[in-house]
Amino acid sequence: MLNVALVGLLAGSLVVGPTDGDKDKKKDTANDSPRTEANAVPGVFETAHAAQSPETIQDTYAFGRSVTASPIKFWASYAWGESESIWDVTGDEGELAVATSNGDIVTQRVNVGAQIDFLNLPIARIGAGANLTVAKNEFQAGENPSSLFSNGVGDLESDFGLQGLKVYGEARGPVAGVHAGYVFDFGSEREDGEQARALVDVDGNGTLDVELPLSINATGTVRPTASVAGDASFQPLLLPSTLSNSDGRDAINIGADFDYPSERFRLFGGIDYYMLQGIDDNEATAFDESSLDGDDIWNFMFGGGVRFNIFEIGAAAQIQTRHSNPVVENIGTTAGIGGHAGTIAPYVRISPPSIPASLFVKGAVQEEYTEFGYAIGGANSPKPSIGFTAGLTFGFQ
């Protein structure tokens with residue numbers, strides 16, 4: 001690329017150099033117009049407007065490029081998505097289930113955010129921002145729900161309420177940058193109802209492998225209805241009355257990304273790391289949540305786009321992986337084993353040349369820390385079926 005630039009520079013020097021006919025002409029160089037930003041000719045890889053890559057590419061690749069003339073940026077979006085199955089630990093498609101009943105998960109998300117660039121240097125700019133997420137999760141039971149749903153509870157859902165607030169700072173040059181932030185969890189917890197059934201170790205081998213109904217005897221002791229050994233262990237299964245809309249955990253986020261555009265083409269990518277923080281144990285569940293440690297999340301992204309006048313069309317491929325736990329828990333995935341999901345998200349953006357604003361639609365939906373596009377492959381993770389995010393931005397082109 002450097003060789004190409006040098007050749008172009010040399011070629012330009014030869015073209016504008018004096019010709020034989022010019023040797024006899026006199027020129028008043030004092031009256032020549034100086035080269036300024038207003039009359040400068042764009043270089044081969046310069047864009048037509050003053051812009052730099054936006055903040056966290058993972059969150060904002062569909063926004064366009066940040067306009068440096070607008071130090072304050074705003075955005076708002078709405079998302080809807082559905083997942084009808086999961087990838088099991090072997091990568092095969094499996095049933096999505098909540099409380100042993102198969103069904104579908106439907107999610108909705110609303111995001112609003114802002115960023116301010118408070119220091120612009122010749123080689124970089126320094127800024128800070130925040131993104132607030134409102135979320136709702138709904139479980140729609142299948143045609144043959146388990147006995148846990150036989151009491152007429154029907155579908156389960158969470159509140160449509162706050163999920164989290166992500167605050168971050170960034171340092172960014174014309175192409176690449178780094179960022180770091182913190183995700184505060186404000187989500188609602190799952191609420192549990194009646195004890196309906198239990199997983200029972202009927203053969204004393206230490207494995208809870210048989211599901212049996214529960215009953216309460218005259219002394220108030222909860223026991224499985226079937227006849228089992230007196231010292232047989234069992235774990236009550238609680239029927240959820242509501243779902244949670246977050247995992248209940250804060251997270252530290254660090255990452256780096258790049259966004260390399262020309263006038264027509266764009267290439268971007270990045271890597272983000274989420275260090276999940278601790279959580280108190282929920283005694284109503286079979287799993288000790290306080291034992292979670294090191295089940296952090298990585299997200300890798302690579303994508304590109306092509307611009308046609310006011311339109312930009314592109315796609316972003318993402319791989320998210322979580323250590324020692326499924327990408328999303330308690331939906332039929334296997335606890336204590338890592339998971340990953342590979343998806344691709346097409347997007348289209350409309351950006352009028354007269355104002356630093358954009359409208360966008362992308363085929364992806366935010367889960368909590370990362371997002372799911374259209375399924376490519378994965379393991380121990382939800383398998384996305386369909387979804388979209390649509391939004392409006394200001395300060396991007």
Side-chain angles (χ1 to χ4, degrees), residues 81-107 137 139-142 144-146 148 190 197-201 203 205-211 233 235 237-238 240 243-244 246-249 251 271-276 279 281-282 285-301 317-344 364-387:
E82 182 176 17
S83 180
E84 301 175 344
S85 59
I86 65 169
W87 287 299
D88 62 21
V89 293
T90 65
D92 296 327
E93 186 172 336
E95 294 286 351
L96 189 154
V98 171
T100 74
S101 183
N102 298 333
D104 303 337
I105 289 286
V106 175
T107 61
N137 297 326
F139 176 72
Q140 300 175 350
N144 298 304
S146 72
L148 286 174
R190 188 185 80 172
R197 298 176 72 80
L199 289 176
V200 183
D201 177 15
D203 52 13
N205 65 357
T207 301
L208 304 178
D209 47 13
V210 177
E211 182 181 336
S233 58
Q235 171 63 53
L237 293 176
L238 302 183
L243 298 180
S244 63
S246 79
D247 65 358
R249 306 170 70 180
I271 179 172
D272 275 89
Y273 176 62
Y274 291 89
M275 185 184 302
L276 304 186
I279 184 176
D281 179 42
N282 182 355
T285 62
F287 180 70
D288 182 5
E289 288 84 0
S290 65
S291 66
L292 293 173
D293 185 28
D295 59 333
D296 301 328
I297 297 174
W298 287 90
N299 190 77
F300 306 88
M301 169 181 284
Q318 298 187 65
I319 297 177
Q320 54 177 294
T321 181
R322 183 176 177 182
H323 303 295
S324 25
N325 262 312
V327 176
V328 178
E329 301 172 286
N330 302 320
I331 58 170
T333 49
T334 304
I337 300 176
H340 67 273
T343 63
I344 187 166
V365 178
Q366 174 189 337
E367 189 269 321
E368 185 166 359
Y369 307 106
T370 59
E371 67 177 21
F372 289 89
Y374 290 96
I376 297 177
N380 209 21
S381 165
K383 180 181 179 181
S385 302
I386 189 172

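- Two residues are said to be in side-chain contact when any heavy atoms from C-beta on lie closer than 4.5 Å; W87 and T333 fail this criterion.
- No side-chain donor from either of E82 and S385 sits under 3.5 Å from a side-chain acceptor of the other.
- Looking at heavy atoms from C-beta onward, Y274 lies in side-chain contact with D272 at the 4.5 angstrom threshold.
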Dump the intermediate steps for side-chain contact (heavy atoms from CB on, under 4.5 Å) on F300 and T321, then the final yes or no. CA-CA 9 Å; F300 306 88; T321 181; 4.3 Å; yes
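- Between the CD atom of E329 and the OG atom of S381 there is a distance of 12.0 Å, given to the nearest 0.5 Å.
- A donor-acceptor pair shorter than 3.5 Å can be found between the side chains of D296 and Y273.
- At distances below 3.5 Å, not a single donor-acceptor pair connects side-chain atoms of E95 with backbone N or O atoms of A97.
- Atom CD1 in I386 sits 9.0 Å away from atom CD in E84 (nearest 0.5 Å).
- Classification of R249 and D295 as a salt-bridged pair holds, one side-chain N sitting under 4.0 Å from a carboxylate O.
- With hydrogens and angles disregarded, a donor-acceptor distance shorter than 3.5 Å links the side chain of N137 to the backbone of S244.
- Contact check for L276 versus R322: side-chain heavy atoms found under the 4.5 Å cut-off.
- Put simply, the side chain of Y374 does not reach to within 4.5 Å of the side chain of T343, judged on heavy atoms.
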What do the steps show when you test M301 against I271 for side-chain contact (heavy atoms from CB on, under 4.5 Å), and what is the final call? CA-CA 6 Å; M301 169 181 284; I271 179 172; over 6 Å; no
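- If you take CG on L96 and CG on D104, they are separated by 7.0 Å, rounding to the nearest 0.5 Å.
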Intermediate values then yes/no, side-chain contact (heavy atoms from CB on, under 4.5 Å), N299 and Q318: CA-CA 7 Å; N299 190 77; Q318 298 187 65; 3.1 Å; yes
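- For the atom pair H323 NE2 and I337 CD1, the distance stands at 15.0 Å (nearest 0.5 Å).
- Looking at every heavy atom in both residues, G336 comes nearest to P326 through N-CD, 4.4 Å.
- Between F372 and S83, every side-chain heavy-atom pair lies at or beyond the 4.5 Å cut-off.
- One finds the CG atom of N380 at 9.5 Å from the NE2 atom of H340 (value rounded to the nearest 0.5 Å).
- Here the side chains of W298 and I319 are not in contact, with every heavy-atom distance at 4.5 Å or above.
- Using a 4.5 Å heavy-atom cutoff, the side chains of Q320 and V327 are in contact.
- Note that CD1 of I86 is 6.5 Å distant from CD1 of I331, once rounded to the nearest 0.5 Å.
- Side-chain N/O atoms of Y369 and D247 include a donor and acceptor closer than 3.5 Å.
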